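Working notes, structure below.
Treat the numbers as computed from the prediction; the structure is a model and nothing was measured.
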Amino acid sequence: MGRALQLARRGLYTTDPNPRVGCVVARDGHVLGEGFHVRAGEPHAEVLALAHAGEAARGATAYVTLEPCSHHGRTPPCVDALLRAGVGRVVAAMTDPNPLVAGRGLERLREAGVAVAVGLMESEARALNPGFVSRMERGRPWVRVKLAASLDGRTAMASGESRWITGEAARRDVQFLRARASAILTGMGTVRADDPRLDVRLSAEALDVDGPVRQPLRVVLDREGRLTAGARLFQTEGPVLVLTDPEALARQTRDLADVNAWVEAVTVSRGHLDLPAVMNVLARHQVNELHVEAGPVLCGALLGAGLVDELVIYLAPHLMGATARGLFDLPLGRMADRVALDISDMRAVGRDWRITARVVGPGAGDEGR
């Protein structure tokens, strides 16, 4: 199963919106065939592993990181392929949280006389697909907020100047986070201040993938409909999804008619786009992992709405002073209101430090509570 998880990780930057899945066919400790899912619409991990094993798969054990599918999607059910190959046993790391599967694949195998076990290295399998699991179980993406700050927690000078807080190594590291995401979210404040492209600038070789580099969907929250076709977002490959106030929908659609943009209206709550409604829209667009690069207002609003699952903060070895802008616009009045974090990783990236933390107190998503 450990090898199957290694294989599944090879699809980290390519499988979206499908989950990352690996499979190993083995007998008596010897690997007979292995495979991993590469892209949506292409063969699943089980099919590739069985093809690799050939006739030797009959009576063998298939180790797979996710319950084999039992429904027709872009490809036929993997359960059918396993039964045709005559495997004697299937070990799945976890059941599929997709309601279209949700145990049905394992049940079909049992009914056909195949021995089935589930739960081996389940936590590792779930950790490999946080976005897919979140979308299936909670109806919203896994939200990862990336921030860059000075050692005193400042993200920009009072004037708005922010380039560059971190060094080149940290900025390159962020590209890998973008590459694994389904979508990158920002707000109009960041677009107006920085005019970002929000694209993946790594080569296929750097990502160790075959074929073209997948560009995530770029998402802009623009309640007032101020985004124009001249933004650098539209000078790079890939679509842009603009979410706006229903009253600005017609004007925004007209203004962006000549660029690669989708414009959709979202409910407004207390003068702002309703963030849970935004997550519902993104789930409908099959967004698994949502990567957020935004200013303190939007980041604070997401945290305050309980929609942040993970923080990735790059800390640079310098101080920017008391008048510079902070990480979150999140007014808290008491020590009891503090947002608790569970730091899962801390490491040097060039001259900077990268801290990865789960939100576990107020401000956490459902899985962090």
Side-chain angles (χ1 to χ4, degrees), residues 143 145-150 153-166 171 174-175 177-178 181 183-201 215-275 277-278 281-282 290-305 307-308 314 320 323-331:
V143 179
V145 174
K146 168 263 169 183
L147 294 156
S150 60
R154 305 298 177 172
T155 62
M157 304 306 292
S159 64
E161 181 186 359
S162 62
R163 292 186 178 180
W164 294 102
I165 291 176
T166 55
R171 297 198 297 273
V174 171
Q175 293 293 315
L177 293 178
R178 288 184 180 183
I184 302 173
L185 176 76
T186 195
M188 267 308 296
T190 297
V191 173
R192 295 180 72 184
D194 299 335
D195 196 17
R197 291 178 4 211
L198 298 181
D199 58 344
V200 176
R201 300 165 205 169
Q215 289 293 340
L217 174 69
R218 277 83 53 79
V219 183
V220 180
L221 302 188
D222 182 15
R223 182 178 65 85
E224 298 178 358
R226 295 177 293 174
L227 186 63
T228 67
R232 289 209 305 163
L233 287 165
F234 301 115
Q235 297 172 14
T236 56
E237 291 184 11
V240 176
L241 173 62
V242 182
L243 301 179
T244 190
D245 187 315
E247 294 183 1
L249 179 62
R251 182 181 73 256
Q252 185 75 294
T253 302
R254 182 180 63 252
D255 292 346
L256 301 178
D258 296 329
V259 294
N260 192 12
W262 302 330
V263 183
E264 294 188 28
V266 176
T267 305
V268 173
S269 175
R270 298 180 181 178
H272 302 280
L273 296 183
D274 184 75
L275 293 176
V278 167
V281 170
L282 296 180
L290 179 65
H291 176 90
V292 179
E293 293 192 23
V297 174
L298 179 53
C299 290
L302 287 166
L303 199 58
L307 294 172
V308 176
Y314 294 84
M320 293 171 61
T323 61
R325 301 177 183 179
L327 286 163
F328 298 98
D329 185 353
L330 189 67

In the structure I gave you, are the side-chain heavy atoms of [X] and [Y] within less than 4.5 Å of one another anywhere?
X	Y	answer
Leu227	Met188	yes
Lys146	Tyr314	yes
Val143	Val292	yes
Thr244	Val266	no
Leu282	Leu290	yes
Val242	Gln252	yes
Phe328	Val297	no

If you compare all heavy atoms of [X] against all heavy atoms of [Y], which two are closest, and at what distance to 0.1 Å?
X	Y	value
Pro246	Val268	CD-CG2, 4.2 Å
Val145	Cys299	CG1-SG, 3.7 Å
Ala324	Ala156	CB-O, 3.1 Å
Leu273	Leu243	CD1-O, 3.3 Å
Val174	Glu293	CG1-OE2, 3.4 Å

Who pairs with [X] by side chain to side chain contact (heavy atoms under 4.5 Å, CB included), at least two apart in sequence or on another chain?
X	value
Ala149	Thr155, Leu315, Leu327
Glu247	Asp245
Ser269	Asp274
Thr186	Thr190, Val191, Leu198, Val220, Ala294

Ignoring hydrogens and angles, write down the donor-acceptor pairs under 3.5 Å from the side chains of residues 230-240, residues two or more places apart or on other chains.
{"from": "Arg232", "atom 1": "NE", "to": "Asp195", "atom 2": "O", "distance (Å)": "2.9"}
{"from": "Arg232", "atom 1": "NH2", "to": "Asp195", "atom 2": "O", "distance (Å)": "3.4"}
{"from": "Thr236", "atom 1": "OG1", "to": "Arg218", "atom 2": "NH1", "distance (Å)": "3.0"}
{"from": "Thr236", "atom 1": "OG1", "to": "Arg218", "atom 2": "NH2", "distance (Å)": "3.4"}
{"from": "Thr236", "atom 1": "OG1", "to": "Leu233", "atom 2": "O", "distance (Å)": "3.4"}

Tell me the salt bridge (charged side-chain N to carboxylate O under 4.0 Å, His left out) pairs involving residues 249-260, sequence neighbours left out?
none
Non-neighbouring partners of [X] that pass salt bridge (charged side-chain N to carboxylate O under 4.0 Å, His left out), sequence neighbours left out:
X	result
Asp199	Arg197, Arg201
Arg325	none
Arg154	none

Using side-chain hydrogen bond (donor to acceptor under 3.5 Å, both in side chains) as the criterion, list what pairs up with Glu264, not counting sequence neighbours.
Arg284, His285
Please confirm whether the backbone N or O of His291 pairs with a side-chain atom of Arg178, one donor and one acceptor, at under 3.5 Å?
no
Could you please spell out the steps behind the side chain to side chain contact (heavy atoms under 4.5 Å, CB included) verdict for Ile184 and Val219?
CA-CA 6 Å; Ile184 302 173; Val219 183; over 6 Å; no
To the nearest 0.5 Å, what is the distance between CG on Leu185 and CG on Leu217?
9.5 Å
